[in-house]
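To start, the structure itself, in C-alpha cells.
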Amino acid sequence: MKKFLSVFFTILMAICSLTPSYAFAAGNSEFDSEFTQQEFESLEHTYAVSIQPYSTGLIVDKKIGIAKSNSNLLITGFTSGNSSVIKCGFTKVVIQRRASSSASWSNYKTFNDLYSEGTYYKLSKTVPVDAGYQYRVTATHYAKKSLLATQKIEATTGYLSF
C-alpha cells in the first residue's frame, strides 16, 4: 500500500509541475495614465541604455524612460516582439530612490507582470513622488514565443532629482 501511494503521489507531482499556470496583474488605475510622446519629451527626462550580452531575437525593439512633471514621475516605455511572439511586456518595473547624499538605491514602488497577449506592449504611468530624492527606474523587458522560448532584457534609466 505504501508503494502504491508513493508512486501515485510521484505521478501526481510530475503532472502538476508540468502543467503551465499563468498569472496576470490586475490593472492598477491609480498609476495608469496616458500622455503623448511630445508631452513626455517636453519635460526633463532620461532613457535607459541597455547592453544585451546575448539575444534570442524575440525582442526586436524596446525603450524605457522617465520624466519629471511637477511632483510626479512619468514612466514611459514599450517592448516590441517579432511576429512569432505571443506575449510581451515587462516582468517587473521598479521605481528606486535615494537621498541626494546617499550612494545606495532603495525600492520605492514595484509593478509586476505588465503584459499584453501579442507582439507589443506600451507602458505609461504617472507616480506621485516625494521631494528631496533622486529617482530612477529599472525594468525587465519580456517576450515569450512558447513555454521554453522566452527573452528578458534588463534596463535601468538615468536618475532625476526632485
Side-chain angles (χ1 to χ4, degrees), residues 16-98 104-130 133-162:
C16 290
S17 67
L18 295 175
T19 305
S21 61
Y22 302 98
F24 298 99
N28 189 346
S29 60
E30 178 184 356
F31 301 111
D32 292 342
S33 65
E34 287 293 323
F35 44 86
T36 66
Q37 192 64 28
Q38 290 80 17
E39 291 171 333
F40 183 84
E41 295 290 338
S42 69
L43 302 169
E44 180 183 353
H45 65 279
T46 181
Y47 285 106
V49 177
S50 60
I51 299 172
Q52 190 174 345
Y54 56 90
S55 171
T56 60
L58 295 179
I59 297 174
V60 295
D61 200 7
K62 69 206 173 322
K63 185 181 275 192
I64 185 81
I66 57 174
K68 181 178 174 178
S69 176
N70 299 323
S71 63
N72 293 315
L73 181 69
L74 305 180
I75 306 169
T76 186
F78 68 88
T79 305
S80 180
N82 68 25
S83 61
S84 64
V85 167
I86 59 172
K87 183 192 296 185
C88 76
F90 298 88
T91 58
K92 186 180 280 191
V93 176
V94 180
I95 301 171
Q96 297 180 324
R97 75 178 183 180
R98 69 178 178 189
S104 61
W105 292 94
S106 61
N107 292 351
Y108 179 66
K109 288 210 183 312
T110 302
F111 302 96
N112 293 307
D113 301 325
L114 303 171
Y115 299 110
S116 71
E117 299 288 332
T119 61
Y120 187 81
Y121 180 83
K122 181 181 185 296
L123 172 67
S124 179
K125 293 198 177 292
T126 302
V127 180
V129 294
D130 301 322
Y133 291 95
Q134 296 173 337
Y135 291 88
R136 73 178 184 182
V137 170
T138 63
T140 304
H141 297 273
Y142 176 78
K144 176 181 176 180
K145 179 179 175 181
S146 66
L147 187 61
L148 300 176
T150 62
Q151 182 179 12
K152 293 180 181 180
I153 299 175
E154 302 287 334
T156 302
T157 66
Y159 67 87
L160 294 174
S161 296
F162 281 80

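Here the structure is a predicted model, which means the values were calculated and not measured. Sequence positions, counted from 1, serve as the residue numbers for this chain.
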- [ ] Could you check Ser116 against Thr79 for side chain to side chain contact (heavy atoms under 4.5 Å, CB included), going step by step and ending with a plain yes or no?
- [x] CA-CA 10 Å; Ser116 71; Thr79 305; over 6 Å; no
Task: Sequence-distant partners of Phe162, ring-ring contact (aromatic ring centres under 6.0 Å, His included), two or more places apart - done: Tyr135
Open item on the list: Show the nearest heavy-atom pair for residues Ile59 and Ala143, with the distance to one decimal.
Closed with: CG1-CB, 3.5 Å
TODO: Measure the OG-NZ distance between Ser80 and Lys122 for me, rounded to the nearest 0.5 Å.
DONE: 13.5 Å
Open item on the list: Restricting to non-hydrogen atoms, name the atom on Gly57 and the atom on Gln151 that form the minimum distance, rounded to 0.1 Å.
Closed with: N-OE1, 3.6 Å
Open item on the list: Tell me whether Thr76 contacts the main-chain N or O of Gly65 through its side chain, where contact means a donor paired with an acceptor under 3.5 Å.
Closed with: no
TODO: Identify the two heavy atoms, one from Gly81 and one from Val85, that lie closest to each other, and give their separation to 0.1 Å.
DONE: CA-CG2, 3.9 Å
- [ ] Find the distance between CH2 (Trp105) and CD (Gln134) and round it off to the nearest 0.5 Å.
- [x] 5.5 Å
Open item on the list: So, using salt bridge (Lys or Arg N to Asp or Glu O under 4.0 Å) as the criterion, who are the partners of Arg136 when residues are at least two apart?
Closed with: none
- [ ] Return the minimal non-hydrogen interatomic distance between Arg98 and Ser104, and the atom names on each side.
- [x] CB-O, 3.2 Å
Task: Leu160 versus Lys68, closest heavy-atom pair with distance - done: CD1-N, 3.7 Å
- [ ] Answer whether the closest heavy-atom distance between the side chains of Tyr108 and Leu73 falls below 4.5 Å.
- [x] no
Open item on the list: Do Ile95 and Lys125 make a side-chain contact, defined as non-hydrogen atoms from C-beta onward lying under 4.5 Å apart?
Closed with: no
Task: Verdict with reasoning, Thr110 to Lys92, per side chain to side chain contact (heavy atoms under 4.5 Å, CB included) - done: CA-CA 7 Å; Thr110 302; Lys92 186 180 280 191; 3.9 Å; yes
Task: Residues that Ala139 engages under side-chain contact (heavy atoms from CB on, under 4.5 Å), provided they are two or more places apart - done: Ile64, Phe90, Val93
Task: From Lys144 atom NZ to Leu58 atom CG, the distance as rounded to the nearest 0.5 Å - done: 11.5 Å
Task: Contacts of type side-chain contact (heavy atoms from CB on, under 4.5 Å), residue Thr91, not counting sequence neighbours - done: Tyr115, Thr140, Tyr142, Lys152
Open item on the list: If you compare all heavy atoms of Asn72 against all heavy atoms of Pro128, which two are closest, and at what distance to 0.1 Å?
Closed with: OD1-CA, 3.3 Å
TODO: Output the distance between atom CD1 (Ile75) and atom CD1 (Ile66), rounded to the nearest 0.5 Å.
DONE: 8.0 Å
- [ ] Establish, for the pair Arg97 and Tyr133, whether the NZ or CZ atom is under 6.0 angstrom from the six-membered ring centre and no further than 45 degrees off its axis.
- [x] yes
Open item on the list: Quick check for you: to the nearest 0.5 Å, what is the distance between Thr157 atom OG1 and Gln96 atom CD?
Closed with: 8.5 Å
Open item on the list: Going by the rule side-chain hydrogen bond (donor to acceptor under 3.5 Å, both in side chains), which residues pair with Asn70 if we only count those two or more places apart in sequence or in a different chain?
Closed with: none
